[in-house]
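This report refers to the structure that appears directly beneath it.
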There are 2 protein chains.
Amino acid sequence: MQISSRFSVGVHILALLDINKDGISSSEFLAGSVNTNPTLIRKIMGMLKKNGLIEVQPGIAGASLAKAPSDIRLVDVYKAVEVVKDQELFSVHENPLRECLVGRNIQESITPVLSAAQIALEKELENVTIEDIIKEIKKKEKDQHN
Amino acid sequence: MQISSRFSVGVHILALLDINKDGISSSEFLAGSVNTNPTLIRKIMGMLKKNGLIEVQPGIAGASLAKAPSDIRLVDVYKAVEVVKDQELFSVHENPLRECLVGRNIQESITPVLSAAQIALEKELENVTIEDIIKEIKKKEKDQHN
DNA sequence: TTAAGTTGTATCTATTATGAATACAGGTAT
DNA sequence: ATACCTGTATTCATAATAGATACAACTTAA
């Protein structure tokens, strides 16, 4: 099981929109950098737009960030691309036997733990912004030239 | 996307093995409580056995915990049932364009963040044991009778 | 106004993971 | 010898993902 690459692709798109802000970032351009097809990019861009992270207009080539890179946290991207719904990272088996002590109480007993784990993961993604990723990209690039 | 219910089923099995330790917990018995088929239970039991969490023997009905419930952490179950591999909770798009600044550095830049998030999730599962779950089950049962 | 290019969607397909189900070999016990 | 159980392989239906094609609606430039 893996969380969809829509998340990492979303981050890729946002970082590139900022780095290429003086140019035109069409879905085809972005798709080239990500190495996928423009349709998937447009689908993800639609999600990012709906959540107020980017600005795009039908018919007009290119997109741009709707906020400063320092104001976009990775958790915003994570939630925008809907890779995981709230409270539902972990699936729990349905309809355990109500005639059994464990069966009738397991769901309510385990759900808070699973929820806490999911929240811990999301909290970690709150600490990183697109600006951080961009800085890291530039740093890696610089390091490689030394 | 959701993490397989093998995890919650595994916890269910372990809790029930302890609560029913004076009885015989065959795969059919466990399957009844979980409300699934015995094959899936045996498959998961095989994983739990391989990781030293339970004891089972071919031909002999029933299984039992290999450790005290207080010594089995949920993260042990999580890893035993292999719902998620190390470093691979998040999938990252492959082969981004090397001719692009973002494309050639995005993977190395984002991987540490994703890894940290995954570890945060697992850390949360380290804090809870099967004993905790059993206590919670009994507590919920008691609360319901008042 | 026409033509070209782009976004926003819908649709189809291949691939993969899950979980239900059946079957059966091999082990155990009465 | 019979009955029961575990361990494992296999088949099947379902769902999510990602690649791909097609096209309507919109914008811009010629």
Side-chain angles (χ1 to χ4, degrees), chain A residues 1-10 12-13 17 20 23-32 34-51 53-64 66 78 80-85 88-96, chain B residues 1-10 12-13 17 23-32 34-51 53-64 66 80-85 88-96:
Chain A
M1 191 290 317
Q2 283 191 309
I3 290 176
S4 165
S5 67
R6 282 201 301 277
F7 177 42
S8 65
V9 171
H12 186 140
I13 291 173
L17 285 185
N20 187 45
I24 293 176
S25 300
S26 66
S27 64
E28 193 173 347
F29 168 77
L30 296 168
V34 172
N35 187 29
T36 181
N37 60 83
T39 311
L40 181 61
I41 296 295
R42 291 202 289 270
K43 198 171 175 182
I44 295 174
M45 287 206 305
M47 294 173 170
L48 297 175
K49 178 183 182 181
K50 201 160 136 189
N51 285 269
L53 302 183
I54 68 173
E55 288 170 351
V56 207
Q57 283 182 322
I60 302 181
S64 59
Y78 173 85
V81 299
E82 293 172 10
V83 283
V84 173
K85 290 175 189 160
E88 295 188 12
L89 210 203
F90 295 90
S91 61
V92 177
H93 54 293
E94 301 291 326
N95 305 314
Chain B
M1 191 288 320
Q2 284 191 308
I3 289 177
S4 166
S5 67
R6 282 201 302 276
F7 177 42
S8 65
V9 170
H12 186 141
I13 291 173
L17 285 185
I24 293 174
S25 299
S26 67
S27 65
E28 193 173 347
F29 168 78
L30 295 168
V34 171
N35 187 28
T36 182
N37 60 83
T39 311
L40 180 62
I41 296 295
R42 290 201 289 270
K43 198 170 174 183
I44 295 174
M45 288 206 304
M47 294 173 171
L48 298 175
K49 179 183 182 181
K50 202 161 138 190
N51 285 269
L53 302 183
I54 68 173
E55 289 170 350
V56 208
Q57 283 183 323
I60 302 179
S64 58
V81 300
E82 294 173 9
V83 284
V84 174
K85 289 175 190 160
E88 294 188 11
L89 209 203
F90 295 90
S91 60
V92 177
H93 54 293
E94 301 290 326
N95 304 315

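Letters A, B, ... are given to chains in the order of the sequence lines, protein chains preceding strands, and every chain is numbered from 1.
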Restricting to side chain to side chain contact (heavy atoms under 4.5 Å, CB included), what partner residues turn up for [X], sequence neighbours left out?
X	result
A/N37	A/T39, A/L40
A/V84	A/I3, A/Y78, A/L89, A/Q118, B/M1
A/A61	A/I24
A/E55	A/S64, A/A66

message = Within the 4.0 Å heavy-atom criterion, would you say A/K49 contacts the bases, only the backbone, or no part of the nucleic acid?
response = sugar-phosphate
Restricting to nitrogen or oxygen on both sides, can you table the protein-nucleotides 17-24 of chain C pairs closer than 3.5 Å?
{"from": "C/dG19", "atom 1": "OP1", "to": "B/S5", "atom 2": "N", "distance (Å)": "3.0"}
{"from": "C/dG19", "atom 1": "OP1", "to": "B/S5", "atom 2": "OG", "distance (Å)": "2.5"}
{"from": "C/dG19", "atom 1": "OP2", "to": "B/S4", "atom 2": "OG", "distance (Å)": "2.6"}
{"from": "C/dA20", "atom 1": "OP2", "to": "B/T36", "atom 2": "OG1", "distance (Å)": "2.5"}
{"from": "C/dT22", "atom 1": "O4", "to": "B/T39", "atom 2": "OG1", "distance (Å)": "3.0"}

Rounded distance (Å) that lies between atom [atom2] of [N] and atom [atom1] of [X]:
X	N	atom1	atom2	result
A/E55	C/dT7	CD	P	15 Å
A/L30	C/dT6	CG	C1'	12 Å
A/M45	C/dT9	CE	P	11 Å
A/E28	C/dA4	CD	P	16 Å
A/I41	C/dT9	CD1	C1'	16 Å

Closest-nucleotide ordering on DNA chain D, the 5'-leading residue of A/P58 and B/S27 =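 The 5'-side residue here is B/S27.
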Of the non-hydrogen atoms in [X] and [Y], which two are nearest, and what is the gap between them?
X	Y	value
B/S25	B/L17	CB-CD2, 3.4 Å
A/S8	B/S91	OG-O, 3.6 Å
A/P38	A/S27	CB-OG, 3.9 Å

request  = Walking along DNA chain D from 5' to 3', note the first and the last nucleotide with an atom under 4.0 Å from a heavy atom of chain A, and give both.
outcome  = D/dT17 to D/dT27
remark   = Residues passing the ring pair (Phe, Tyr, Trp, His ring centres under 6.0 Å) test with B/F90, sequence neighbours excluded, are A/F7
